[in-house]
Amino acid sequence: MSESEAGIGAPGAILNADTPLAGLDFLREAVVTDLRSGRFDRVATRFPPEPNAYLHIGHAKALWIDYGIAQDFGGTFNLRFDDTNPSKEEQEFVDAIIEDVRWVGADWGDRLFFGSDYFEQMYEWALDLIRKGVAYVCDLTPEQVIEMRGKPTEPGVESPYRGRPVEENLDLFQRMRAGEFPDGARTLRAKIDMSSPNMNMRDPIMYRIRHEDHHRQGSKWCIYPMYDWAHGLEDSIEGITHSMCSLEYENHRPLYDWFLDQLGIYHPRQIEFARLNLTYSVMSKRRFIELVNGGYVDGYDDPRLVTLAGLRRRGYTPEAIKDFCGRIGIAKTDSVVEMAVLEDCIREDLNKRAPRVMAVMDPIRVVLTNYPEGQTEEMDVVNNPEDPDAGTRKVPFARELYIERDDFREDPPPKFFRLAPGREVRLRNAYFIKCEEVVKDASGEIVELRCTYDPETRGGDAPDGRKVKGTLHWVAAHEALEADARLYNHLFTKPDPDDVDEGKDWFANINPDSVVRTTCFVEPSVRGAAPGTRYQFERLGYFCVDSDSTPERLVFNRTVTLRDSWSKIAKR
RNA sequence: UGCCGAAUAGCUCAGUUGGGAGAGCGCCUGACUCUGGAUCAGGAGGUCCUAGGUUCGAGCCCUAGUUCGGCAGCCA
């Protein structure tokens with residue numbers, strides 16, 4: 001790549017070699033230090049997903065580290081698929097990952113790469129190492145390799161094939177590539193140190209034989225490079241300066257460095273950071289699969305999952321996810337972030353942007369006895385008090401309404417400011433109403449509230465200056481739209497899903513009420529809303545139109561509730 | 001009984017010439033309000049892992065230890 005396209009000081013750069021270290025996270029601090037020392041004179045990062053699963057919020061953290069650092073320093077950013085294993089990787093995941101990365105807002109421009117495109121170069125370099133006498137073809141079986149690798153506390157045993165002459169290694173390796181040997185028959189190994197305290201240095205395998213088609217290379221190859229061998233080479237080829245990865249690769253760094261040093265090629269710097277964990281959730285491919293296959297969730301984009309596809313369907317915005325990634329910081333400490341932080345991020349974003357609308361989840365009928373039969377009117381309602389540009393809309397009002405069952409108590413407890421017999425409240429954006437009579441059915445269930453309204457209070461204020469303590473949301477019974485609602489809660493009942501009694505597994509902590517499917521009545525203004533449209537249902541929470549919606553019937557996903565101080569009071 | 005790494009508020013993180021222990025989220029209280037929302041104000045909460053040492057003075061420097069995490073795929 002040219003220096004000019006990756007130069008420091010590109011438009012928008014906010015960090016450079018002269019930036020004071022104080023206050024920077026340790027990764028940015030390392031980059032500044034490398035710029036000052038002259039180890040690098042530019043910044044180039046990459047996000048290297050393996051196309052074998054869907055991305056989750058933890059990937060978003062890594063992505064915003066990689067992309068964010070490139071942005072901050074005016075450097076370049078590559079999206080690179082690390083597709084070195086043919087048996088696990090599929091085009092479907094490539095497409096899904098590209099969609100997710102684009103959605104969260106990282107821009108790789110034309111810098112989309114595939115590790116598999118470098119296979120030929122990697123092969124040539126492998127030949128180099130064989131010629132240098134630091135790589136050899138090994139005929140040990142997988143079982144023997146494991147056996148002879150030893151344990152962390154015990155040295156391994158050298159392979160009997162370790163001393164194979166260079167010419168024989170060259171011949172065998174070429175024949176491996178030519179397809180002369182079956183899967184697993186031989187490997188190419190680096191000749192390092194079988195007694196190294198670092199297991200990764202005990203003659204790691206560079207190539208394995210796999211007679212399988214590759215999603216991009218087709219049947220061209222039957223030997224495939226291992227991660228440790230491939231990753232540093234990919235970084236080197238692309239001119240990456242800082243190769244950020246998670247803590248689990250810390251023990252792999254000596255090997256990353258070893259390959260590059262042996263080859264004598266351009267040498268990027270690998271730095272590790274702690275991966276993200278979130279309370280009340282799981283974050284691994286394996287567990288997502290188990291949840292999907294076990295029928296606990298409805299797919300990888302189930303709104304209860306913290307996959308990016310799930311969060312998107314739940315109603316999360318890219319801005320909220322980016323904000324979250326910024327808030328949680330970067331460090332090397334193993335950590336578990338509280339879900340409340342993520343929830344705060346989406347509330348903060350949606351509070352500014354989501355139009356407000358009224359919807360009733362659990363209706364109770366209100367009849368305004370002094371409101372003329374057959375009359376209706378339209379109230380002018382502000383769409384978003386936080387955003388004057390959001391405008392207004394008309395909301396129909398009528399003699400028969402629905403309010404939330406929770407908003408009425410026959411025998412109200414202290415500090416309950418909502419409707420009760422003889423009490424007056426305000427219907428939001430409409431009138432004051434007073435409850436005159438409670439109508440019950442034979443079983444004692446309340447079926448209707450008979451109320452009077454004060455025509456003088458149209459719009460919500462009383463000319464005589466009298467105040468009410470409560471304001472309720474409502475919908476006009478005959479004009480409301482009936483819709484499905486999916487009320488999502490934490491997927492797990494405990495902050496740590498692995499916190500289980502002896503003999504039980506994490507499935508025992510799955511929340512049986514992680515989704516409550518119900519119906520609701522929504523004001524007619526939402527008719528025809530497209531999937532993905534987000535609203536605040538006043539006093540209830542933020543909701544997003546689900547892709548299961550049809551022209552006839554909308555489906556709403558509850559993204560997150562509003563903060564609710566009453567529920568805390570009520571618990572006491 | 002190996003190697004690598006980590007440790008500051010409930011959680012996540014700042015604290016960089018060695019001199020006042022901080023922020024966000026969470027929690028509590030109050031004000032305000034046509035969302036019990038939003039907003040605003042205030043509060044509680046710390047053996048800076050421990051013990052020694054250097055220093056007039058240590059979260060920060062040195063030594064030893066403790067606890068926790070990672071490493072034994074032909075996965076990444």
Side-chain angles (χ1 to χ4, degrees), chain A residues 20-25 29 48-50 52-53 82 84-85 87-89 138 140-142 145-147 149-156 183-189 196-202 204-210 224 226-228 230-231 245-254 272 274 276 279 285 327-345 347-348 351-352 356 358 382 385-386 415-418 426-430 432 459-461 467-473 495 536-541 561-570:
Chain A
L21 265 25
L24 295 180
D25 62 75
E29 185 177 316
E50 181 189 12
N52 75 335
D82 201 2
T84 56
N85 187 340
S87 49
K88 298 167 62 177
E89 297 151 3
C138 180
L140 255 24
T141 66
V145 170
I146 292 169
E147 174 71 24
R149 186 153 32 218
K151 296 177 180 176
T153 53
E154 297 168 12
D183 287 3
R186 293 180 218 266
T187 57
L188 183 72
R189 292 231 255 167
S196 171
N198 182 343
M199 297 292 288
N200 298 122
M201 303 298 274
R202 322 248 262 224
I205 290 168
M206 297 164 62
Y207 280 93
R208 74 282 216 183
I209 299 173
R210 280 261 228 286
Y224 290 95
M226 298 286 289
Y227 169 88
D228 285 311
H231 202 87
C245 59
S246 50
L247 246 30
E248 57 199 297
Y249 292 102
E250 207 154 21
N251 294 329
H252 294 246
R253 183 165 13 104
E272 312 83 15
L276 172 67
T279 56
K285 188 189 85 172
R327 286 197 208 185
I328 57 178
I330 306 169
K332 298 191 72 164
T333 318
D334 285 306
S335 60
V336 184
V337 176
E338 291 179 341
M339 185 65 87
V341 179
L342 218 208
E343 292 173 344
D344 187 65
C345 289
R347 284 195 188 102
E348 183 175 308
N351 177 46
K352 289 178 298 196
R356 267 110 248 234
M358 290 193 286
V382 169
E386 302 290 322
K415 291 192 175 179
F416 184 87
F417 299 147
R418 288 119 92 163
R426 171 169 41 234
L427 292 181
R428 169 134 242 240
N429 302 304
F432 286 11
D461 287 305
K467 301 287 186 188
V468 290
K469 292 280 257 182
T471 301
L472 311 185
H473 60 275
Q536 183 196 104
F537 286 2
E538 294 214 39
R539 301 210 302 141
L540 296 177
T561 61
L562 259 27
R563 277 206 197 79
D564 179 8
S565 50
W566 166 251
S567 67
K568 287 176 187 169
I569 295 170

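Chain naming here is simple, since letters A, B, ... match the order of the sequence lines and numbering starts at 1 in each.
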Provide, to the nearest angstrom, the distance between the [atom1] atom belonging to [X] and the [atom2] atom belonging to [N].
X: A:Asp344; N: B:C25; atom1: CG; atom2: C1'; result: 6 Å
X: A:Asp564; N: B:C27; atom1: CG; atom2: P; result: 11 Å
X: A:His473; N: B:A38; atom1: NE2; atom2: C1'; result: 17 Å
X: A:Leu21; N: B:A14; atom1: CG; atom2: P; result: 13 Å
X: A:Asp25; N: B:A23; atom1: CG; atom2: P; result: 21 Å
X: A:Gln536; N: B:G37; atom1: CD; atom2: P; result: 12 Å

Integer angstrom distance from the [atom1] of [N] to that of [M]:
N: B:G70; M: B:G65; atom1: P; value: 23 Å
N: B:G15; M: B:A7; atom1: P; value: 12 Å
N: B:G53; M: B:G18; atom1: C1'; value: 15 Å
N: B:A21; M: B:G59; atom1: C1'; value: 8 Å
N: B:U63; M: B:A58; atom1: C1'; value: 15 Å
N: B:C61; M: B:U1; atom1: P; value: 31 Å
N: B:A44; M: B:G10; atom1: P; value: 14 Å
N: B:G69; M: B:U55; atom1: P; value: 38 Å

_Looking at A:Glu147, I'd like to know if its CD atom is crowded, meaning that more than 12 non-hydrogen atoms belonging to other residues, nucleotides or ligands lie closer than 6.0 Å._
no

*Mapping A:Glu348 and A:Ala22 to their closest nucleotides on RNA chain B, which lands nearer the 5' end?*
A:Ala22

What is the minimum heavy-atom distance between [X] and [Y], and which atoms define it?
X: A:Pro48; Y: A:His231; result: CB-CE1, 3.6 Å
X: A:Lys332; Y: A:Leu247; result: O-CD2, 3.3 Å
X: A:Ser196; Y: A:Met201; result: OG-CB, 3.5 Å
X: A:Asn198; Y: A:Asn251; result: ND2-O, 2.8 Å

Please check the phosphate of [N] (OP1 and OP2 only) for any side-chain N or O of [X] closer than 4.0 Å.
X: A:Ser567; N: B:G36; value: no
X: A:Lys568; N: B:C28; value: yes
X: A:Thr333; N: B:G5; value: no

As a test of reading the structure: which of [options] is closest to the side chain of [X], going by heavy atoms?
X: A:Glu338; options: B:G36, B:C25, B:C13; result: B:C25
X: A:Phe416; options: B:C25, B:G37, B:G36; result: B:G36
X: A:Arg563; options: B:U12, B:U35, B:A38; result: B:A38

*At under 4.0 Å between heavy atoms, what does A:Val468 touch on the DNA or RNA strands: base, sugar-phosphate, or nothing?*
nothing

*asked:* Output one letter per nucleotide in nucleotides 70-76 of chain B: B when a protein non-hydrogen atom lies under 4.0 Å from the base, S when only the sugar-phosphate is that close, - when neither is.
replied: BSBSBSB

*With syn defined as a glycosidic angle within 90° of 0 and anti as everything else, classify B:G20.*
anti

*Side-chain donor or acceptor of A:Arg418 under 3.5 Å from a matching atom on the base of B:G36?*
yes

*Answer with yes or no whether A:Glu343 presents, from its side chain, a donor or acceptor under 3.5 Å of a partner atom in the base of B:G26.*
no

*asked:* My understanding is that only one of A:Glu538, A:Arg539, A:Arg426, A:Arg428 makes a side-chain hydrogen bond (donor to acceptor under 3.5 Å, both in side chains) with A:Thr471; could you say which?
replied: A:Arg426

*Indicate yes or no: does A:Arg327 engage A:Glu348 in a salt bridge with an N to O separation below 4.0 Å.*
yes

